[in-house]
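Below: one structure, written as structure tokens.
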Amino acid sequence: MHKQEFFDQISHDWDREHSTPEEYERTRVFAQHFGLSKGETVLDVGCGTGRLIPFIKDAVGEDGILVELDFSLEMLMIGCLKHQHDGLYFVQADAHHLCLRDNQFSTVICMAFFPHISDKAYALTEFRRILRPGGVLFVTHQMSREELNQFHKEVKGPVTKDLLPDEAGMRALFDDAGFKDLTIRDEPSLYIARAFA
Ligand SMILES: C[S@@+](CC[C@H](N)C(=O)[O-])C[C@H]1O[C@@H](n2cnc3c(N)ncnc32)[C@H](O)[C@@H]1O
């Protein structure tokens, strides 16, 4: 099964699991790690059903722009039906080919998404291309790298080999794509890689 079909099929379950009051609160607290400010232009890539939308929109305010991008139409449709705001746009696209102009975004967020990218080196050059100089990229999970990789190995289907590279692998990928000042926090229930364009 192709990955896009896999994510289409799990979209309703994914949304249900992440819509409980406990998960909403956990995501609200987690989103504070992004340190967003009013007026920012943010890309949430591999956005799924848009569980970050309320927190990003709240942080960037009415003058901010949020683009929610995913290749799964089913995931996007759920998000699109739940959330409508000025300055909020939904785009169906593959993260390897963003169809977005250069130097437009101040922040790119990959939440629970990076391991699923088949050509990470190429996708990183795309993220860097659309970021303004000094813009920030986050690769985040609500699990440590070890917890996440174990979790994916146990999932049946086309994501079973979607693993997060080790720190040396991440450094090589980010360096080759031209990102600077990479920091990685990897602890129980938290993984945050942050780097600047
Ligand atoms: C595990 S879900 C995470 C969704 C969301 N970021 C969240 O935290 O709830 C991964 C998402 O990445 C999307 N995805 C996977 N590969 C993609 C690609 N190459 N381009 C765009 N989206 C992709 C899937 O459709 C899915 O919605």
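Numbering of ligands and ligand atoms starts at 1, following listing order.
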(request) Carefully, step by step, assess His116 and Phe7 under the rule ring-ring contact (aromatic ring centres under 6.0 Å, His included). (result) CA-CA 11 Å; His116 301 306; Phe7 283 111; 5.0 Å; yes
Test ring-ring contact (aromatic ring centres under 6.0 Å, His included) on Tyr24 and Phe55; report intermediate values, then the result. CA-CA 10 Å; Tyr24 185 89; Phe55 316 114; 4.9 Å; yes
Go through the steps to decide whether Arg171 and Glu167 satisfy the test salt bridge (Lys or Arg N to Asp or Glu O under 4.0 Å), and finish with yes or no. CA-CA 6 Å; Arg171 288 202 177 279; Glu167 179 158 350; 3.0 Å; yes
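Taking distance alone, with nitrogen or oxygen atoms compared against 3.5 Å, Ala95 approaches ligand 1 more closely than that limit. Backbone and side-chain nitrogen or oxygen atoms of His116 are examined, and none is located within less than 3.5 angstrom of a nitrogen or oxygen of ligand 1. Between Met111 and ligand 1, at least one N/O pair is under 3.5 Å apart. When only interatomic distances are considered, the shortest N/O to N/O separation between Gly46 and ligand 1 falls below 3.5 Å.
With rounding to the nearest 0.5 Å, the separation of CD1 in Ile65 from CD1 in Ile56 is 13.5 Å.
When the options Phe71, Phe114, Trp14, Phe30 are ranked by their closest heavy atom to atom 15 (C) of ligand 1, first place goes to Phe71.
Using a 4.0 Å cut-off between charged nitrogen and carboxylate oxygen, Asp15 and Lys82 count as a salt-bridge pair. Comment: Glu40 does not engage Lys38 in a salt bridge, judged by the lack of any side-chain N to carboxylate O separation of less than 4.0 angstrom.
Looking from atom 19 (N) of ligand 1 to the surrounding protein, the closest heavy atom is Asp94 OD1, 3.2 Å. Here the protein heavy atom with the shortest distance to atom 25 (O) of ligand 1 is Asp70 OD1, 2.6 Å. Closest to atom 12 (O) of ligand 1, if we only count protein heavy atoms, is Phe113 CD1, 3.3 Å.
Annotation: Phe179 is not in aromatic contact with Phe196 [ring centroid separation under 6.0 Å not met].
The two atoms that bring Arg128 and Gly178 nearest to each other are NE-O, 3.1 Å, heavy atoms only.
Close contacts between ligand 1 and Ala112 involve ligand atoms 1 (C), 2 (S), 3 (C), 8 (O), 10 (C) [criterion: under 4.0 Å to a heavy atom]. Within ligand 1, the atoms closer than 4.0 Å to a non-hydrogen atom of Gly48 are 4 (C), 5 (C), 27 (O), numbered from 1 in the order shown.
Side chains of Leu148 and Pro115 form a contact here, defined as non-hydrogen atoms less than 4.5 Å apart.
Ligand 1 lies less than 4.0 angstrom from a heavy atom belonging to Arg51. Heavy-atom separations between Met75 and ligand 1 include at least one value shorter than 4.0 Å. Using a 4.0 Å cutoff on heavy atoms, Ala93 counts as a contact of ligand 1.
Neither the backbone nor the side chain of Ala123 has a heavy atom within less than 4.0 Å of ligand 1.
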